[in-house]
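In what follows, residues are counted from 1 in the order of the sequence shown. Just so you know, these numbers use all the heavy atoms, side chains as well, and skip hydrogens, waters and symmetry mates. Order of listing sets the numbers, starting from 1, for every ligand and every atom in it.
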Amino acid sequence: MSLAPIFLNAKSASYRLIAVSQQTIKIEMNYMPTTSHKMGPLKGKIFAPGDKSISHRSLILGAMAGGETNITGLLEGADIMATAEAMNQLGAGVERIKKGEWIIQGCGEAGLISPSEPIDCGNAGTGVRLLMGAISGYKISATFKGDTSLSSRPMARVLNPLKQMGIEYNCDEGETLPATIISSGDLKAIDYVSPHASAQVKSAILLAGVNTTGVTSITEHTLSRDHSENMLKAFGATINVEPQGQGQKVSIKGPVTLKGTNINIPGDPSSAAFPIVAAIITPGSDILVQNVMMNPTRTGLFTTLTEMGAYLRADNYRTSGGEIIADIHVKYSQLNGVIVPKERAPSMIDEYPILAVAAAYAKGTTTMRGISEMRVKESDRINATFELLAGNGVDVKEYPDGLLVKGGSVIGGGDTVLTHHDHRIAMSALILGINSENPIKIDDSSMIATSFPTFFTSMAEIGAKIEVPQ
Ligand code: S3P
């Protein structure tokens with residue numbers, strides 16, 4: 001079976017890698033409206049790109065550790081490149097050897113240093129929040145800034161506990177970026193109960209705890225992704241986890257001497273979600289997505305799609321970088337609506353926009369509640385998802401804490417979706433359009449490069465028709 005023609009001309013891509021120094025690269029993103037069209041079945045094999053969460057952590061811990069850290073499979077997306085540049089500014093040696101292969105010369109005992117310029121985290125909430133925690137354990141002063149989307153996101157959730165540990169900070173009244181952290185490096189261990197089910201908050205506190213004398217703990221009421229805990233252990237830290245009801249208390253005993261290590265980054269289930277849903281909703285499709293991380297703190301979408309009746313078969317299980325990975329075989333499936341339990345939210349928090357697209361093609365109603373956290377992601381994702389579905393003829397209702405999608409009718413499409421500089425809204429809208437009656441256009445696709453720089457080539461490889469105008 002031959003694949004559909006590739007419509008994306010590499011030269012017209014809305015982003016490109018550019019060298020900023022001999023060591024690191026930067027991704028230049030150019031505003032680019034993009035359209036997806038109805039196509040025949042999707043077929044073929046693609047490879048999931050490196051996991052964004054684990055990529056950030058590998059650069060940050062590699063820079064804090066003593067000695068060399070060798071990374072393979074690093075996601076070369078704009079968010080990660082911003083973190084790589086930040087680690088350079090903070091004194092680590094950061095070198096790109098070849099695609100996905102990076103070497104970090106960590107600061108070790110000498111410690112991270114104050115950067116001479118503000119650190120620009122771009123669009124990356126994970127980057128800035130983890131960095132705030134990581135630098136707090138050193139004698140340092142650093143200013144963080146970001147793009148328009150990041151500059152409107154709440155930072156108090158990280159700055160408050162770090163203040164309890166002893167940092168000082170300045171930012172505007174809304175506790176948004178730009179923000180300056182000043183730390184004496186002499187922090188106090190705290191026992192923090194987090195009001196948010198957020199791995200970013202947990203990670204910031206644990207990273208600050210690395211250089212804090214005593215036991216620093218964080219209690220979370222629902223389990224969030226555990227990549228920081230896993231990776232801290234790989235760098236030599238002792239992490240204690242005490243289950244508490246549906247949640248847990250995670251502790252680190254500091255100070256810890258982190259030692260550089262080798263890390264192979266597994267594929268990102270949050271990125272794999274887009275081709276997977278595309279195949280499920282497109283009649284006749286049959287694809288294989290290889291190298292997908294199956295950490296249970298990240299696979300809530302796969303559980304939900306399976307409950308909805310999707311053909312999803314994970315096979316060829318193996319481990320990579322301390323995480324379980326598998327290849328996922330996906331076929332077109334007739335879905336039925338479900339109620340998504342709110343306790344599942346942390347394991348699929350980034351996947352609700354694409355789940356809502358799948359729900360639009362499912363028979364019956366899909367209810368997604370208890371997810372008000374979505375309002376403070378790269379955009380207000382509850383509202384952005386509502387607008388993307390409603391504007392293209394889907395019956396959808398917005399609640400303060402979620403969405404209800406009545407699926408199963410023919411989807412007209414034809415709208416231009418506002419992405420609000422949010423990569424997951426952009427990709428979700430393009431996937432909705434590969435099966436709607438009329439093409440769906442998005443105002444800008446450049447920010448897809450933050451998390452899934454190979455999105456266009458991967459989708460073209462399996463036969464999707466997504467056009468960036470010449
Ligand atoms: C992330 C945690 C999640 C997620 C984000 C990545 C991480 O945020 O939305 O894309 O790498 O820790 P919260 O844990 O704050 O919900």
Side-chain angles (χ1 to χ4, degrees), residues 49-61 74-75 77-80 82-83 121-134 146 149-150 153-161 192 194-207 218 220-232 247-248 250 265-266 268-274 293 295 297-301 321 323 342-355 370-382 384-385 401 421-428 447-448 450-452:
D51 187 73
K52 183 157 75 71
S53 293
I54 299 188
S55 294
H56 279 299
R57 287 159 172 81
S58 65
L59 293 169
I60 295 172
L61 283 171
L74 188 83
L75 172 69
D79 278 13
I80 306 303
T83 296
C121 291
N123 191 247
T126 305
V128 71
R129 293 191 179 123
L130 269 57
L131 279 170
M132 284 177 166
S149 150
L150 188 58
R153 296 180 66 185
M155 294 298 142
R157 53 182 58 202
V158 166
L159 291 169
N160 286 342
Y192 188 69
S194 178
H196 309 280
S198 164
Q200 294 178 355
V201 173
K202 173 176 65 178
S203 303
I205 294 171
L206 292 174
L207 289 171
I218 164 149
E220 51 181 9
H221 297 302
T222 323
L223 304 188
S224 65
R225 65 192 68 192
D226 57 2
H227 308 310
S228 295
E229 295 91 305
N230 296 343
M231 204 179 284
L232 277 162
Q248 61 183 1
V250 184
I265 313 273
D268 196 328
S270 301
S271 296
F274 297 100
M293 178 171 54
N295 180 320
T297 64
R298 298 287 301 281
T299 50
L301 175 75
E323 299 280 358
K342 64 177 193 309
E343 309 72 56
R344 196 177 288 161
S347 68
M348 54 179 292
I349 192 65
D350 292 335
E351 281 68 79
Y352 283 95
I354 192 64
L355 174 65
I371 48 173
S372 40
E373 253 316 281
M374 285 208 9
R375 294 207 184 267
V376 290
K377 294 295 179 187
E378 283 83 332
S379 68
D380 173 347
R381 281 189 180 154
I382 294 182
T385 305
D401 71 336
H421 219 70
D422 186 331
H423 53 133
R424 298 198 204 279
I425 296 299
M427 289 184 276
S428 299
M447 85 308 281
I448 291 174
T450 59
S451 66
F452 197 166

**OP:** Compare His227, Arg298, Arg129, Arg57 and give the one whose heavy atom is closest to atom 7 (C) of ligand 1.
**Re:** Arg57
Original post:
Where the closest heavy atom to atom 16 (O) of ligand 1 is concerned, which of Lys377, His423, His196 has it?
Top reply: Lys377
Does any non-hydrogen side-chain atom of [Y] lie less than 4.5 Å from one of [X]?
X: Ser203; Y: Arg129; value: no
X: His421; Y: Glu378; value: no
X: Lys377; Y: Arg153; value: yes
X: Met374; Y: Asp350; value: no

Numbering the atoms of ligand 1 from 1, which are under 4.0 Å from a heavy atom of [X]?
X: Asp350; result: 4 (C), 5 (C), 9 (O), 10 (O)
X: Thr126; result: 1 (C), 5 (C), 6 (C), 7 (C), 11 (O)
X: Ile349; result: 9 (O)

Among all protein heavy atoms, pick out the one at the shortest distance from [atom]; state its residue, atom name and that distance to 0.1 Å.
atom: atom 15 (O) of ligand 1; value: Ser198 OG, 2.6 Å
atom: atom 11 (O) of ligand 1; value: Ser53 OG, 2.7 Å
atom: atom 14 (O) of ligand 1; value: Ala199 N, 2.6 Å

**OP:** Could you walk me through whether Arg157 and Glu373 pass salt bridge (charged side-chain N to carboxylate O under 4.0 Å, His left out), step by step?
**Re:** CA-CA 12 Å; Arg157 53 182 58 202; Glu373 253 316 281; 2.8 Å; yes
**OP:** From the options Lys52, His56, Gln200, select the one residue that forms a side-chain hydrogen bond (donor to acceptor under 3.5 Å, both in side chains) with Thr126.
**Re:** Gln200
